[in-house]
> 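Take a look at this one; I'll ask things after.
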Amino acid sequence: MLSEFVEKHKLNQSFIDVAQAWYEPLAQAILSHYIGAKAPVFIGVNGAQGSGKTTLCAYLCQWLEANGVAAISISLDDFYLSRRQRLQLAKDVHPLLAVRGVPGTHNIPLLQQTLSDLRAGQHPVVLPRFNKATDDCTLPLQTVRQPRVIILEGWCWGVAAQTEIELAEPVNTLERIEDADGRWRHYVNQSLATAYQPLYRFMDKWLMLKAPSFDCVYRWRCEQEHKLKAAQAGDGIMSDHQVARFIQYYQRLTQHCLATLPARCDWVFELDSKRHITQLRERG
C-alpha cells in the first residue's frame, strides 16, 4: 500500500519511513476510536499552509479503507466562496475580502449542511471543489456514500476567535497599511466566532501539524505553488513575490493557532523547519 501511495502522490521514498513511524500508529488510534462509535467519526486537522495536511489525510483515508473502514478527507479550501461572491464581499465589507483564505471567505451554510448530511449518513453527499489555479469554484463535484470516518482539514480549522486586545495592533505591513482601522480583521474575527466555532462541535477528535514558527510558511507555501504550476495552468497561480504578500493574510491567525491550539488537540505532530516530525504529543 505504501509504495503505491508514494507513487500516486509523487512523494519521496523517505515518506515510507515517516508513515510507518508516525502515521500508521495514528491511523490505528483513529480506527480504535471508530470501533467504539455508533455514529460516523469526525477528525479535525489543523496545520499551517504547506505543512503536509493533505498528504497526511490522504494516507489516513487510504489506510482506513484498506482496513475495512469507509473514510473521506475534506478540505476547508473546497468551501471557498466563488470569485464573484468574494468580489461582492470586498465591495460590501472590505477590499481585502476579495482574497480567499481567511474566515469569512468560505461558504459556511454549505459546510454546515454537508457536515450534517455526513453525520446523518442516510443518502449520498455531494462535495464541492475549488480550483486554486483559477481561484474559483469548479466542477466536477464528488459524490460520497456513507463514510464512517470523515477527516476535515484546514489551516484555520479549530482556532478560536481573538480578543479585542489581541486585534488592536497590526501584525504585518498588510494590516498596518491596508487595514489601518482594523475593519477587515474585526470582520474575520467576528466570522470566526459566530460562524466557524459552532461547527467545531461536529469534530470528535483534533489533530495538529504544528509548524515551528510562521517564518517557515513562506517557503512551504512557495513549494506548494511551484507544484501547482507544474501540474496545471491558471491565472490564480502565484509568483514567489505574490506568495509573500498572500501569506500576510494568514499570519495573524496562523500565529494564534500555533500559540493556542496545541493544548486543545488530541494529537500534535511537532514539525521542524523542513517539515520533519520530531515529536508526537497526545492529550491525556
Side-chain angles (χ1 to χ4, degrees), residues 42 44-49 51 53 74-119 127-130 132 135-137 152-203 206 208 214 217 221 236 245-261 264-265:
F42 288 79
V45 179
N46 177 280
Q49 295 182 73
S51 60
K53 299 186 299 297
I74 304 172
S75 174
L76 186 63
D77 290 356
D78 281 323
F79 289 85
Y80 283 133
L81 296 170
S82 69
R83 180 184 290 183
R84 179 185 59 79
Q85 289 171 315
R86 284 181 281 118
L87 289 175
Q88 187 61 49
L89 196 60
K91 180 180 178 181
D92 294 342
V93 182
H94 194 284
L96 290 178
L97 291 168
V99 177
R100 70 176 190 264
V102 296
T105 62
H106 298 91
N107 187 336
I108 292 301
L110 177 59
L111 176 60
Q112 181 173 7
Q113 186 61 55
T114 300
L115 294 177
S116 296
D117 290 345
L118 287 168
R119 184 164 63 181
L127 303 179
R129 282 288 177 263
F130 188 89
K132 292 180 180 178
D135 192 31
D136 212 344
C137 303
L152 176 55
E153 56 95 348
W155 75 273
C156 63
W157 188 238
V159 70
Q162 293 187 291
T163 65
E164 286 297 315
I165 293 176
E166 290 171 318
L167 290 172
E169 293 297 323
V171 299
N172 54 35
T173 303
L174 179 81
E175 290 190 359
R176 186 169 59 254
I177 296 177
E178 299 183 50
D179 187 40
D181 61 1
R183 185 161 44 94
W184 171 71
R185 55 186 181 267
H186 275 83
Y187 179 84
V188 170
N189 199 62
Q190 183 66 16
S191 297
L192 186 60
T194 60
Y196 292 65
Q197 285 183 214
L199 298 187
Y200 297 166
R201 70 181 188 277
F202 281 95
M203 302 298 107
W206 287 94
M208 183 179 191
F214 182 75
V217 175
R221 191 62 181 79
R245 170 181 165 81
F246 183 64
I247 64 172
Q248 290 189 59
Y249 288 79
Y250 294 73
Q251 182 174 352
R252 169 177 294 278
L253 284 182
T254 298
Q255 291 176 330
H256 186 47
C257 283
L258 294 176
T260 62
L261 199 54
R264 302 201 301 275
C265 287

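These values consider heavy atoms only, across backbone and side chains, with no hydrogens, waters or symmetry-generated copies.
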> Restricting to non-hydrogen atoms, name the atom on F246 and the atom on R100 that form the minimum distance, rounded to 0.1 Å.
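Closest approach of F246 to R100, heavy atoms only: CE1-O, 3.7 Å.
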
> May I ask you to decide if R185's main-chain N or O and D179's side chain share a donor-acceptor pair within less than 3.5 Å?
yes

> Measure from the side-chain N and O atoms of H186 to the backbone N and O of G182, and report whether any donor-acceptor pair falls under 3.5 Å.
yes

> Closer than 3.5 angstrom, by distance alone: can the side chain of N189 be matched with the main-chain N or O of A193 as a donor-acceptor pair?
no

> With rounding to the nearest 0.5 Å, note down the distance linking CD in E178 to CG in L96.
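If I round to the nearest 0.5 Å, the distance is 5.5 Å.
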
> Do side-chain atoms of R264 reach the backbone of G158 as a donor and acceptor pair under 3.5 angstrom?
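Yes, the answer is positive, given that a donor and an acceptor are paired below the 3.5 Å cut-off.
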
> What about the rings of W157 and Y196, do their centers lie closer together than 6.0 Å?
no

> To the nearest 0.5 Å, tell me how far R86 CZ sits from L81 CG.
7.0 Å

> Take Q251 and E175, measure what side-chain contact (heavy atoms from CB on, under 4.5 Å) needs, and give me the verdict at the end.
CA-CA 10 Å; Q251 182 174 352; E175 290 190 359; over 6 Å; no

> L76 and G154: which non-hydrogen atoms are nearest, and at how many Å?
CB-CA, 4.0 Å

> Determine whether V45 and W206 satisfy the following criterion, side-chain contact (heavy atoms from CB on, under 4.5 Å), listing intermediate values before the conclusion.
CA-CA 6 Å; V45 179; W206 287 94; over 6 Å; no

> Do T114 and L127 have side chains that approach each other closer than 4.5 Å (heavy atoms only, starting at C-beta)?
yes

> Just checking, any donor-acceptor pair under 3.5 angstrom between side chains of R252 and Q162?
yes

> With side-chain contact (heavy atoms from CB on, under 4.5 Å) as the criterion, how do F42 and L118 come out once you've worked through the C-alpha distance, each side chain's angles and the decisive distance to 0.1 Å?
CA-CA 9 Å; F42 288 79; L118 287 168; 4.1 Å; yes

> Going by heavy atoms in the side chains, are L89 and Y187 under 4.5 Å from each other?
yes

> Can you list everything that forms a side chain to side chain donor-acceptor pair (under 3.5 Å) with S82? Sequence neighbours excluded, please.
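S82 satisfies side chain to side chain donor-acceptor pair (under 3.5 Å) with Q85 once adjacent residues are dropped.
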
> Just by modelled atom types, is the L253 backbone N or O under 3.5 Å from a matching donor or acceptor in the W155 side chain?
no

> Check C156 against C257 and note the closest heavy-atom contact, atom names and distance.
CA-SG, 4.4 Å

> Enter the distance from C137:SG to D78:CG here, rounded to the nearest 0.5 Å.
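Reported to 0.5 Å precision, the distance equals 9.0 Å.
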
> Any idea which heavy atoms bring R183 and D181 closest together, and the distance?
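Minimum heavy-atom contact is N-OD1, 3.1 Å.
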
> Under 3.5 Å, is there a donor-acceptor pair between the side chain of K53 and the main chain of E153?
no

> Report yes if some heavy atom in the side chain of L111 is under 4.5 Å from a heavy atom in the side chain of I74; otherwise report no.
no

> Taking R119 for its side chain and F202 for its backbone only, find out whether a donor-acceptor pair lies under 3.5 Å.
no

> Could you walk me through whether L152 and L115 pass the side-chain contact (heavy atoms from CB on, under 4.5 Å) test, one step at a time?
CA-CA 10 Å; L152 176 55; L115 294 177; 4.2 Å; yes

> Could you report the tightest heavy-atom contact between A160 and L192, atom names first, then the distance?
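Of all heavy-atom pairs spanning A160 and L192, the closest is O-CD2, 3.5 Å.
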
> Would you please name every residue forming a side chain to side chain donor-acceptor pair (under 3.5 Å) with R176, sequence neighbours left out?
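Side chain to side chain donor-acceptor pair (under 3.5 Å) list for R176, sorted by chain: T173.
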
> Calculate, to the nearest 0.5 Å, the distance between atoms CG and OG1 belonging to L261 and T254 respectively.
11.0 Å

> Taking R245 for the side chain and L174 for the main chain, is one N or O donor matched with an acceptor at less than 3.5 Å?
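Between the backbone of L174 and the side chain of R245 there is no qualifying donor-acceptor contact (under 3.5 Å).
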
> Would you compute the distance between atom CG of L110 and atom CG of D117 and round it to the nearest 0.5 angstrom?
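That separation rounds to 9.5 Å.
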
> Can you label the angle between the H94 ring and the W184 ring as parallel, tilted or perpendicular, going by 30° and 60°?
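H94 and W184: tilted rings.
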
> Crowded around R84 CZ? As in, over 12 foreign heavy atoms under 6.0 Å?
no

> Do N46 and C265 have side-chain heavy atoms sitting under 4.5 Å apart?
no

> How many angstroms lie between CG in L199 and NE2 in H106, if you round to the nearest 0.5 Å?
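L199 atom CG to H106 atom NE2 measures 11.5 Å (nearest 0.5 Å).
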
